[in-house]
Chemist: 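This structure is in structure tokens; I'll ask about it shortly.
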Amino acid sequence: MPAQSLDQVVSLCKRRGFIFPGSEIYGGLANSWDYGHLGTELKNSIRDWWWDRFVTKRQDMVGIDAAIVMNPKVWEASGHVQNFNDAMIDCKECKGRFRADHLIEDKYPDVKVEGKSPEELTEIIKEKEIPCPKCGSKGKFTDARTFNLLFKTSLGAVSGEDKQDVYLRGEIAQAMFVNFKNVLNTSRKRIPFGIASIGKAFRNEITPGNFTFRTLEFDLMEFEYFIREEEWEKQFDYWLAEEQNWLSEIGIDKKNLRTREHTQDELSHYSKRTADVEYNTPFGWKELFGLAYRTDFDLKNHMEHSGEDLNFTDPDTNEKFVPHVIEPTFGLSRLTLIVLLEAYNEEELENGDKRTVMKFNPRIAPVQVAILPLSKDERLIAKAQEIYDILSKETNLRLDFDITGSIGKRYRRQDEIGTPKCITIDFGTIGDDDNQCKKDCVTVRDRDSLSQEEVNIAKLVDVLK
Ligand code: GAP
């Protein structure tokens, strides 16, 4: 049985060390979460897979790692200072603050909110008599007003001195546009080619958002793919398929995915066409990845504002033009949550016992192999340590070494963190019990089938690889 509610996954994440509430000992902070030791391994493995698949293994892609704080002129040129807005509304009774479109969507999912002005959203909320989700009062909302999502901060260490207002980046895309010329000159790539990046983006989100689904800071992986204008539809279809192909490779069931085209009203200020890949979460169908055709909007605006020539010159024909852009964007934090939701399973075993098991794709499982001496007998622990050292030296597998509790409890614990293989070292392994496994052999238990296979230690590296 997969997760029926988000709470089951939130609780497992806290219990096992995937994700904790941010600054918890001070009462936490809305929309802020910290990744624990397992959550970090999981997120980093997804990140590394993405980089390998979309950057390292492609001839038409290069990656960069850019600064979070950029010259504020970047955000004026990109249109974010002007247009990166949500409409917020306050409850006069309890002082709760909400995103006006979310208030409507949550109660009336069929009412169209995309592209509506704050005045129009206020009108719908009044007309439908939507109550405050926090205190339940009706008719106590202020009018909705525009709120810019860019996170403002200031440069300048000494108080009293003139400080410069700057923004934490609201999307990582702009670094790829402002570095277009540098990358072109140094990489000698030809159109079509992409510039990729992974990093934190920051948004002053108003509504608390379903665990890590909507947070103030989040990890993004995206690339800007530079093309000739006439190719845009072909490239759009190709990258939409690629986003979904990779999700299948990770192990996301196709039946939990769908694509949704943005309506004209809903399109971001830079986009001519956008499609979202959505996932069927316990709180409804929600955007997982996006794909936008940004035309030549960004490069043209940066050319205008910076005065730099951002044309591409075809070395064969000398044709000079501003490339158009297809932008596939993969929310890494959001994908990590979806992977957790998708992996979560509660099962009843043949003997009637119940177990919770995270069925991660082995490539991203935070622990891939657990080494478990059957008891705390010193000889078993020494043998298990020997095996740990071999695997650690001869493979890149992520290992765990666990001696605490009964073997049954340890299996349950490894199931709950999604470890694909457990290796048990018993008295047979050290030649001290004919009724257990053969001398120099261990038992390899499979997380999903629960099969147990006896493997000679000399063959263990090959079997696990
Ligand atoms: N450069 C384009 C861009 O940033 P976006 O649709 O605003 O597009 C991209 O964001 C992806 O980032 C989304 O598809 C989603 O996965 C993720 N995302 C957006 N806002 C988020 C938030 N507040 N918390 C977590 N992930 C978020």
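We count residues from 1, following the sequence as given. Keep in mind that the numbers below use all heavy atoms, side chains included, and drop hydrogens, waters and symmetry copies. We count ligands from 1, going down the list as the structure has it; atoms in each ligand are counted the same way.
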Chemist: Hey, looking at atom 18 (N) of ligand 1, which of Tyr270, Phe218, Phe84 has the closest heavy atom?
Modeler: Phe218
Chemist: Do side-chain atoms of Gln235 reach the backbone of Trp232 as a donor and acceptor pair under 3.5 angstrom?
Modeler: no
Chemist: Are the side chain of Ser23 and the backbone N or O of Tyr26 linked by a donor-acceptor pair below 3.5 Å?
Modeler: no
Chemist: Backbone or side chain, does any N or O of Arg214 fall under 3.5 Å from an N or O of ligand 1?
Modeler: no
Chemist: Mark up the atoms of ligand 1 that fall under 4.0 Å of a heavy atom belonging to Leu220, in ascending order.
Modeler: 9 (C), 11 (C), 12 (O)
Chemist: Is there a donor in the side chain of Glu304 and an acceptor in the side chain of Asn301, or the other way round, less than 3.5 Å apart?
Modeler: no
Chemist: Please list, in number order, the atoms of ligand 1 under 4.0 Å from a heavy atom of Phe289.
Modeler: 14 (O)
Chemist: Which atoms of ligand 1 are found less than 4.0 Å from any heavy atom of Glu171?
Modeler: 1 (N), 2 (C), 3 (C), 4 (O)
Chemist: Report yes or no: is the cationic atom of Arg203 (NZ for Lys, CZ for Arg) under 6.0 Å from the centre of the six-membered ring of Phe218, at an angle within 45° of the ring normal?
Modeler: no
Chemist: So which bit of Glu224 gets within less than 4.0 Å of ligand 1, heavy atoms only: side chain, backbone, both or neither?
Modeler: neither
Chemist: Within the 4.0 Å heavy-atom shell around Glu287, which atoms of ligand 1 are there?
Modeler: 6 (O), 13 (C), 14 (O)
Chemist: On the 0 to 90° scale, with breaks at 30° and 60°, tag the Trp246-Phe289 ring pair as parallel, tilted or perpendicular.
Modeler: parallel
Chemist: Mark up the atoms of ligand 1 that fall under 4.0 Å of a heavy atom belonging to Gly290, in ascending order.
Modeler: 14 (O)
Chemist: Could you tell me the residue and atom name of the protein heavy atom closest to atom 25 (C) of ligand 1, and the distance to it rounded to 0.1 Å?
Modeler: Phe213 O, 3.2 Å
Chemist: When you measure from the centre of the six-membered ring of Tyr293, is the NZ or CZ of Arg273 closer than 6.0 Å and no more than 45° off the axis?
Modeler: no
Chemist: Look at atom 24 (N) of ligand 1 and say which protein heavy atom is nearest, naming residue and atom and giving the distance to 0.1 Å.
Modeler: Thr215 N, 3.0 Å
Chemist: What about the rings of Phe330 and Phe54, do their centers lie closer together than 6.0 Å?
Modeler: yes
Chemist: For ligand 1, is Met176 a contact, meaning one of its heavy atoms is under 4.0 Å away?
Modeler: no
Chemist: Heavy-atom contacts with Leu288 under 4.0 Å: which atoms of ligand 1 show up? List them by number with element.
Modeler: 14 (O), 15 (C), 16 (O)
Chemist: Given Thr329, Ile338, Asn210, which has its nearest heavy atom closest to atom 9 (C) of ligand 1?
Modeler: Thr329
Chemist: Among all protein non-hydrogen atoms, which one is nearest to atom 15 (C) of ligand 1, and what is the separation to 0.1 Å?
Modeler: Arg334 NH1, 3.6 Å
Chemist: Should you measure from each heavy atom of Glu327, which atoms of ligand 1 turn up under 4.0 Å away?
Modeler: 1 (N), 2 (C)
Chemist: Identify whether the distance between the nearest side-chain nitrogen and carboxylate oxygen of Lys286 and Asp276 falls below 4.0 Å.
Modeler: no
Chemist: For Arg203, take its heavy atoms, then give the atoms of ligand 1 lying under 4.0 Å from any of them.
Modeler: 3 (C), 4 (O), 5 (P), 7 (O), 10 (O), 19 (C), 20 (N)
Chemist: For Glu129, does the CD atom sit with more than 12 other heavy atoms under 6.0 Å from it, leaving out its own atoms?
Modeler: no
Chemist: So, are Lys95 and Asp90 salt-bridged, with charged N and O less than 4.0 Å apart?
Modeler: no
